[in-house]
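Let me begin by presenting the structure, written as structure tokens, before commenting on it.
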Amino acid sequence: MAAMNIRVIGAGVAGLTIAYAFARAGSAVEIVERAAAPGLGCSYVAGGMLAPWCEAESAEPLIVSYGIEALTYWTQDVPIAYQQGSLVIAPARDLPDLTRFARRTSAYETYDGAAIAMLEPDLEGRFERALFFPQEAHLDPRAAIAKLSALLAAQDHVVFRFNCDAEAMSGNVDWIIDCRGFDARDHLPDLRGVRGEMLMLRTREIGLTRPVRLLHPRYPVYIVPRGDGRFMVGATMIESGQGGVMTARSALELLSAACTVHPAFGEAEIIEMGANVRPAFADNLPRLRRSGRTWFVNGLFRHGFLLAPALARRAVDVVLKGAYFPEIMDADPRERQRA
Ligand SMILES: Cc1cc2nc3c(=O)[nH]c(=O)nc-3n(C[C@H](O)[C@H](O)[C@H](O)COP(=O)(O)OP(=O)(O)OC[C@H]3O[C@@H](n4cnc5c(N)ncnc54)[C@H](O)[C@@H]3O)c2cc1C
């Protein structure tokens with residue numbers, strides 16, 4: 001079969017992983033991005049948590065099974081992740097929440113205060129109990145986007161077109177893979193926005209080495225070490241399609257959660273605040289949806305880095321081999337459930 005010509009719209013994590021999968025399958029790939037550089041959309045503010053087992057607390061089993069594929073992808077295919085596990089903690093008054101979290105998840109070890117201190121010495125004496133998920137990982141999303149972009153740029157049948165709006169593109173290709181995230185809402189009327197905010201702190205007083213998730217009554221708050229004394233604190237979840245800047249309330253909530261994990265965060269510098277809109281469908285599951293010669297890959301919600309590798313693999317199989325994945329292809333809901 002002659003090599004396919006593929007146009008990928010959007011150079012976020014979805015677009016880049018898909019472009020890379022098509023390039024590796026031998027297709028000629030053109031990546032069209034409205035911004036001047038890759039990864040400046042929702043992917044820019046992500047935490048980079050690769051925590052499929054923790055996500056089972058509130059997400060469908062599909063997120064766990066697809067998410068597990070991301071661990072191999074981001075440690076071997078595009079090696080950029082740190083597989084050091086993640087730690088889930090709760091203040092003493094919220095220990096029943098930790099028990100509930102444990103009931104809904106798997107692949108963890110229960111730690112007491114001494115074991116927590118062995119793992120993360122800076123948390124010594126602060127928490128009585130924790131769940132440790134040893135197989136989970138994390139990455140720096142901006143480094144991951146840079147790595148994927150470099151791998152793509154090194155292929156001779158891949159071209160990037162920056163500062164280029166998809167609506168202005170012409171010229172024939174075999175297939176268009178539309179990965180423009182929340183900006184695809186004019187084409188996908190059932191796509192909704194879930195606003196997320198994060199902040200970046202810098203302190204030399206704390207040396208956490210792996211992501212710490214604090215159980216919080218409204219949304220999971222996690223602190224992800226980014227090296228050089230920097231810690232990403234995220235993320236709010238607000239039903240809204242408004243991006244913009246972080247609100248005072250969200251800053252207050254995230255900062256107070258960080259100080260619950262360790263009071264020295266109170267002295268940290270705030271070096272960045274960010275907000276963006278996660279693209280989501282009603283059930284918070286991703287979709288591959290066809291319209292003519294275009295496949296929309298969207299709805300990655302709070303799982304962009306976690307799900308993109310599994311979606312990319314399947315998108316290639318669907319387009320090049322005619323494969324069918326009922327769980328992500330708007331099949332009959334009963335078929336989705338069985339899959
Ligand atoms: C605060 C926060 C924390 C998060 N933390 C995590 C986490 O820890 N782990 C995780 O897995 N996920 C996380 N997520 C979710 C993750 O960021 C998203 O699921 C993911 O970024 C969505 O990727 P995308 O490629 O679909 O969209 P985007 O990253 O938004 O990319 C879409 C791209 O399309 C481009 N575009 C739009 N319109 C056009 C057009 N007309 N023509 C050309 N280009 C166009 C945009 O410029 C953009 O670059 C988080 C999200 C937020 C907001």
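For the single chain, residues carry numbers from 1 onward in sequence order. Note that the structure is a prediction, hence the values are computed from the model and not measured. When a ligand or atom number is given, it counts from 1 through the structure's own listing order.
At a 3.5 angstrom cut-off on N or O pairs, A235 does not count as close to ligand 1. Note: no N/O pair closer than 3.5 Å links M198 and ligand 1 by distance alone. Annotation: P279 places no N or O atom under 3.5 Å from an N or O atom of ligand 1; distance criterion only. Not a single N or O atom of R278, backbone or side chain, sits closer than 3.5 Å to an N or O atom of ligand 1. Between E33 and ligand 1, at least one N/O pair is under 3.5 Å apart. Note: no N/O pair closer than 3.5 Å links V277 and ligand 1 by distance alone. The N/O atoms of F301, backbone and side chain alike, include one that comes under 3.5 Å of an N/O atom in ligand 1. The shortest N or O to N or O distance between R34 and ligand 1 is under 3.5 Å. On a distance-only criterion, L40 and ligand 1 share no N/O pair closer than 3.5 Å.
In this structure, E197 contributes its side chain and T247 its backbone to a donor-acceptor pair below 3.5 Å. Judged by distance alone, the side chain of Q135 and the main-chain N or O of A107 form no donor-acceptor pair under 3.5 Å.
Of the options G193, A308, S43, the smallest heavy-atom separation from atom 21 (O) of ligand 1 is shown by S43. In this comparison of G47, A184, G41, the heavy atom closest to atom 6 (C) of ligand 1 sits on G47. The residue from V297, D183, D178 that puts a heavy atom closest to atom 37 (C) of ligand 1 is D183.
Which parts of ligand 1 touch L300 is read off a 4.0 Å heavy-atom cut-off, strictly below it: atoms 19 (O). Less than 4.0 angstrom separates some heavy atom of A166 from each of these atoms of ligand 1: 40 (C), 41 (N), 42 (N), 43 (C). Atoms of ligand 1 found under 4.0 Å from any heavy atom of C179, numbered from 1 in the order shown, are 32 (C), 34 (O). Applying the 4.0 Å criterion to heavy atoms of D165 picks out, from ligand 1, the atoms 40 (C), 41 (N), 42 (N). Every atom of ligand 1 is numbered from 1 in the order shown, and the set under 4.0 Å from a heavy atom of G10 is 33 (C), 34 (O), 35 (C). For ligand 1, the atoms lying closer than 4.0 Å to a non-hydrogen atom of F305 are 10 (C), 11 (O), 12 (N). Counting the atoms of ligand 1 from 1 in the order shown, those under 4.0 Å from a heavy atom of G48 are 7 (C), 8 (O), 9 (N). Of all atoms in ligand 1, listed by their number and element, those nearer than 4.0 Å to a heavy atom of V32 are 43 (C), 44 (N).
Side-chain contact check for H262 versus F231: every heavy-atom pair is 4.5 Å or farther apart. No side-chain heavy atom of L188 sits under 4.5 Å from any side-chain heavy atom of D178. Between W74 and K147 there is no side-chain heavy-atom pair separated by less than 4.5 Å.
No side-chain donor from either of N172 and R7 sits under 3.5 Å from a side-chain acceptor of the other. Between Y73 and R313, the side chains place no donor N or O within less than 3.5 Å of an acceptor N or O (distance only, hydrogens not considered). Side-chain contact, T99 with R129: a donor N or O sits under 3.5 Å from an acceptor N or O.
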Per-pair distances, 0.1 Å, donor-acceptor, side chain in residues 294-301, under 3.5 Å, sequence neighbours excluded:
{"residue": "N298", "atom": "ND2", "partner": "G181", "partner atom": "O", "Å": "2.9"}

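Every heavy atom of P141 sits 4.0 Å or more from the atoms of ligand 1. Ligand 1 is never approached by G234 to a heavy-atom distance shorter than 4.0 Å. Not a single heavy atom of E167 sits closer than 4.0 Å to an atom of ligand 1. Residue contacts with ligand 1 include Y222, since one or more of its heavy atoms lies under 4.0 Å from the ligand.
Annotation for E128: atom CD does not count as buried by contact number, only 12 or fewer foreign heavy atoms lying within 6.0 Å.
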### Query
Given the rule in the salt bridge (Lys or Arg N to Asp or Glu O under 4.0 Å) test, do E167 and R180 qualify, once you have shown the distances and angles that lead to the verdict?
CA-CA 12 Å; E167 306 302 334; R180 64 179 99 172; 2.6 Å; yes
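R204 has no carboxylate O lying under 4.0 Å from a charged side-chain N of E267, or vice versa, which leaves the two without a salt bridge. One finds no salt bridge joining R287 and D190 here, because no Lys/Arg side-chain nitrogen approaches an Asp/Glu carboxylate oxygen to under 4.0 Å.
Among all non-hydrogen protein atoms, the one lying nearest atom 27 (O) of ligand 1 is G181 CA, 3.8 Å.
Between F133 and the options Y222, W53, Y108, a ring pair (Phe, Tyr, Trp, His ring centres under 6.0 Å) holds for only Y108.
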